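First comes the structure, then the notes that go with it.
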Amino acid sequence: EPEVTQTPSHQVTQMGQEVILRCVPISNHLYFYWYRQILGQKVEFLVSFYNNEISEKSEIFDDQFSVERPDGSNFTLKIRSTKLEDSAMYFCASRGQATYEQYFGPGTRLTVT
Amino acid sequence: AQSVTQLDSQVPVFEEAPVELRCNYSSSVSVYLFWYVQYPNQGLQLLLKYLSGSTLVKGINGFEAEFNKSQTSFHLRKPSVHISDTAEYFCAVSDRNNQGGKLIFGQGTELSVKP
């Protein structure tokens, strides 16, 4: 069964450093998403991406964040200058054109020290 | 805007007992409804969804949920739980009219099944 994959599973970085979180969505999916879950809190929407552009973003997704689909398979989330409060589990998700359910990857745990 | 409230943060239950995890939502527009499960150290897995039609929907692993429009609820039920059902359960909604379909999640309910 096809699945969404994410790398790395755990990333530790120092405050102020740039990080790139990588995702490979399910191959025939057209909508892509990033969510995050701070420890003990709910899963929060960050951004959705369709047709090579951002379709919606949350208030959390400020100028420090960017997304890219550099080729036909990868979908990345970049944080330019990490803050302590960026420490969280980041989930990538994708869905097909005619479906409404999103399929999630296993997540990347980002720890900013 | 939408919001989701899961009324119980933790639900302990004995094996083979029935369980209900409660979910209420608030929205000014029509929504799709979902339940996801997160096993320890894993990602979110779709349990079931309500898009339209019959208000009782069945999902994987013997779970079912009932959409109640008047009470804006979408409670998850299982008649007999197993130890392996121990996990975090998330209720989520998305705006039917939003093509992008972002999900709004509840806080999650930790189901703990004891022998």
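Note that this is a predicted model, so its numbers are computed, not measured. Here is how names work: the chains are called A, B, and so on, in the same order as the sequence lines, proteins then strands, and each is numbered from 1.
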Problem set entry | Region of B/Gln107 in contact with chain A, defined by heavy-atom distances below 4.5 Å | both

Problem set entry | Proximity breakdown for B/Leu103 and chain A, heavy-atom pairs closer than 4.5 Å | both

Problem set entry | Shortest non-hydrogen contact from A/His10 toward A/Thr111 | NE2-OG1, 3.1 Å

Exercise. Between B/Arg77 and B/Glu66, is there a salt bridge with N-O shorter than 4.0 Å?
Worked result: yes

Exercise. Quick one: of B/Ser94, B/Gly43, B/Ala92, who has the most non-hydrogen atom pairs under 4.5 Å with chain A?
Worked result: B/Gly43

Exercise. Non-hydrogen atoms of chain B under 4.5 Å away: do they reach the side chain of A/Glu56, the backbone, both or neither?
Worked result: side chain

For this session: Determine, using ring centers only, whether B/Tyr50 and B/Phe34 are less than 6.0 Å apart.
Result: no

For this session: Examine distances only and state if a side-chain atom of B/Asp85 and a backbone atom of B/His82 form a donor-acceptor pair shorter than 3.5 Å.
Result: yes

Seminar exercise, completed: Turns out that what part of B/Gln45 lies under 4.5 Å from chain A's heavy atoms comes down to neither

Problem set entry | Interchain contact, B/Leu46 with chain A, by part (heavy-atom threshold 4.5 Å) | side chain

Exercise. So, B/Thr5 side chain and B/Leu7 main chain: donor-acceptor pair closer than 3.5 Å or not?
Worked result: no

Exercise. Side chain, backbone, both or neither: which part of A/Phe49 has an atom under 4.5 Å from a heavy atom of chain B?
Worked result: neither

Exercise. For A/Gln37, is it the side chain, the backbone, both or neither that has a heavy atom under 4.5 Å from a heavy atom of chain B?
Worked result: side chain

Problem set entry | Per-residue contact mode, B/Lys49 against chain A (heavy atom under 4.5 angstrom) | side chain

Exercise. Any sub-3.5 Å donor-acceptor pair from A/Arg95's side-chain atoms to A/Tyr31's backbone N or O?
Worked result: no

Exercise. Looking at A/Arg80 and A/Glu18, does any basic side-chain N land under 4.0 Å from a carboxylate oxygen?
Worked result: no

